[in-house]
Amino acid sequence: FPEELFDRLRAGKPAWAPFYTLHKLMAGLLDTWQLSGSDTARRVLHGMVEWTARWVQPFGEDAMARVLEREYGGMNETLYAYAALTGEARWRELAHRFDRERILGPLAAGKDELQGLHVNTTLPQLVGAARGAEVTGDARLGRAARFLWTTVTERRCYCTGGTSNEESWNKPPGELAQELSGYTQECCVTYNLRKLGRQVLAWTGDARVADHLERTLWNGILGAQHPEDGAKLYYVPLAPGFWKLFGTPLHDFWCCSGSMAEAFATLGDGVYWKDDRGLYVSQYVASTLDWTEQGLRLEQRTRFPSEDVARFTVRAARPVRTTIRFRVPSWCRGGQATLNGRALEAFAEPGSWFALSREWRDGDRVELRLPMRLAAAPMPDDPNLVAATYGPVVLAARLGAEGLTEATRRAPPTKPRTVPEYPLPAVPAPDVVAASTDPATWLEPVPERPLEFQTRGQPRPLRFSPLMDVFDERYAVYLRVKQG
């Protein structure tokens, strides 16, 4: 992209996000250097860091603050990481120049002043602040990052774990019922919220943080790639009657196309964790962990969430004494565990870790049963506007493919700095008529179809499937429940 964009940024003229693009390039070079040992990537990255230092050098504090009003991705994150790798203080100082004080100040003080902000401008900046806290020990940066994650996940997220409507936070915290459209839950936002969540989990060890990572995995990431051609979503629409508006692989490459490529490249990141107290199983995903320091391999076999059982087998050349902690999700009730086929009497509370401390031997087996159930996820400001969940999975009512043809189901090629537009309006979704908002009173399982449900006793029968499995079809996540 032309350097002239930086000239325009320097002059205070419109210039769309040159540092956002620069950050993506630098982050890729940093990963290439770290993961492959490429000296070429290191040298190119070093040149870009030095160029950035020269570019910002003339700016005073006020002028730099104006520069930071333009979306700049996670420049502070990459620069703090580079400073940690090189050990040079000057790069920490350069990274700090990209800490956006107008946003960090209120967050560090525990104030949610996010209304009106562009979400995916803000989140990467706080991912960078979190990295800065780790590199510099600045507790204020850490407080800001942790408070942002807390206030967003507790008061600004939909049932899917995602956030944003038309790319912004438009209302005060806790007001979401009027924030449903075809442009909710930008996928870049989900990706960056997960990055920040992994940092918060590393700091706190709080199993509830891992719960949110689970929710965004199943309801934000996995359904954002089309199974036919790998096209990525820009938004996950949560207003009833829309459909997932994918682009075309060769004509639409949005910001979220890049972020989702990163998201799918990091699916294994955060399934397991370790510290000086042992190992943590954070996510239930069929996988194998090689814990080389301990000489232990842990094999996880599961079809979760299609089944509620996860089976683990230990492989070790010699006995290993350690503790393995298994997450008990907040949605789980009545969980059970067996060790080598023997039922264990003790278990852990939902939203915590179930710890097994012992001398592990080759062939040891642990089986966890994590029962799932239907539950209501009401809007915080409208308790009768409800989504149905099953364990961590958000269910969507399938509304058919009315009007969706080869010509309308995908977005046409978009011009630069524009978003995909729906060629057709949404269709209305029926209300649920029931005495309770609890979906267990108006949904029943479809026989021999895991994770699929159907209504009972409703004027219009509806079939529900996991949101992540619905493609090329209209759907509704939130439905109005009327007393009847």
Salt-bridge criterion met for [X] and [Y] (N-O under 4.0 Å):
X      : Y      : result
Lys482 : Asp431 : yes
Lys171 : Asp381 : no
Glu93  : Arg97  : no
Glu473 : Arg409 : no
Asp206 : Arg208 : yes
Lys244 : Asp472 : no
Glu262 : Lys24  : yes
Lys13  : Asp7   : no

Next on the checklist: Let's go through Thr216 and Arg194 carefully: what are the C-alpha distance in whole Å and the side-chain angles of both, what is the deciding distance for side-chain hydrogen bond (donor to acceptor under 3.5 Å, both in side chains) to 0.1 Å, and is it a yes or a no?
Outcome noted: CA-CA 7 Å; Thr216 52; Arg194 284 174 56 78; 3.0 Å; yes
Item to check | Derivation and outcome, side chain to side chain contact (heavy atoms under 4.5 Å, CB included), residues Thr184 and Val236 | outcome: CA-CA 6 Å; Thr184 45; Val236 179; 5.6 Å; no
Closest heavy-atom contact between [X] and [Y]?
X      : Y      : result
Val393 : Pro305 : CG2-CG, 3.7 Å
Val119 : Ser168 : CG2-C, 3.5 Å
Leu245 : Ala411 : CD1-N, 3.6 Å
Ala15  : Arg8   : CB-CB, 3.9 Å
Ala429 : Ala476 : CB-CB, 3.9 Å
Cys159 : Tyr478 : N-OH, 2.9 Å

Check for me whether the distance between the ring centres of [X] and [Y] falls short of 6.0 Å.
X      : Y      : result
Tyr422 : Trp243 : yes
His212 : Trp149 : yes
Tyr234 : Phe246 : no
Phe464 : Tyr475 : no
Tyr72  : His23  : no

Using a 3.5 Å distance criterion without hydrogens, assess whether the side chain of [X] forms a donor-acceptor pair with backbone atoms of [Y].
X      : Y      : value
Arg410 : Gly247 : yes
Ser257 : Trp254 : yes
Ser36  : Thr32  : yes
Thr151 : Pro173 : no
Asn219 : Pro392 : yes
Thr266 : Asp269 : no

What is the distance from atom [atom1] of [X] to atom [atom2] of [Y], rounded to the nearest 0.5 Å?
X      : Y      : atom1 : atom2 : result
Tyr390 : Leu443 : OH    : CG    : 12.0 Å
Asn76  : His96  : CG    : NE2   : 10.5 Å
Thr437 : Arg480 : OG1   : CZ    : 11.5 Å
Asn192 : Leu123 : CG    : CG    : 6.0 Å
Glu452 : Glu444 : CD    : CD    : 13.0 Å
Leu395 : Arg463 : CG    : CZ    : 12.0 Å

Establish, from distance only, whether the side-chain atoms of [X] and [Y] form a donor-acceptor pair under 3.5 Å.
X      : Y      : value
Ser465 : Arg398 : yes
Thr163 : Gln185 : no
Trp331 : Glu214 : yes
Asn165 : Ser181 : yes
Gln125 : Arg100 : yes
Glu179 : Asn170 : yes
Tyr80  : Asp99  : yes
Arg327 : Ser282 : no

Next on the checklist: Set out, in order, the CA-CA distance, both residues' side-chain angles and the distance that settles ring-ring contact (aromatic ring centres under 6.0 Å, His included) for Trp442 and Phe453, then state yes or no.
Outcome noted: CA-CA 10 Å; Trp442 40 269; Phe453 297 83; over 10 Å; no
With a 3.5 Å cut-off and sequence neighbours excluded, list the donor-acceptor pairs that the side chains of residues 52-64 form with protein atoms.
unit_1 : atom_1 : unit_2 : atom_2 : d
Thr52  : OG1    : Met48  : O      : 2.9

Checklist entry - Under the side chain to side chain contact (heavy atoms under 4.5 Å, CB included) criterion, do Thr122 and Trp169 qualify, and how do the steps go? => result CA-CA 10 Å; Thr122 307; Trp169 288 306; 4.1 Å; yes
Checklist entry - For Tyr272 and Gln283, what are the C-alpha separation, side-chain angles and deciding distance, and is it a side-chain hydrogen bond (donor to acceptor under 3.5 Å, both in side chains)? => result CA-CA 7 Å; Tyr272 304 96; Gln283 302 298 323; over 6 Å; no
Next on the checklist: Walk me through whether Leu213 and Leu201 qualify under side chain to side chain contact (heavy atoms under 4.5 Å, CB included).
Outcome noted: CA-CA 9 Å; Leu213 291 170; Leu201 179 57; 4.0 Å; yes
Under 6.0 Å from the [atom1] atom of [X], do we count more than 12 heavy atoms belonging to anything else shown?
X      : atom1 : value
Arg90  : CZ    : yes
Gln178 : CD    : no
Arg146 : CZ    : no
Glu69  : CD    : yes

Checklist entry - When you look at Glu134 and Gln199, which way does the side chain to side chain contact (heavy atoms under 4.5 Å, CB included) test go after all the steps? => result CA-CA 10 Å; Glu134 293 168 348; Gln199 289 172 293; 4.1 Å; yes
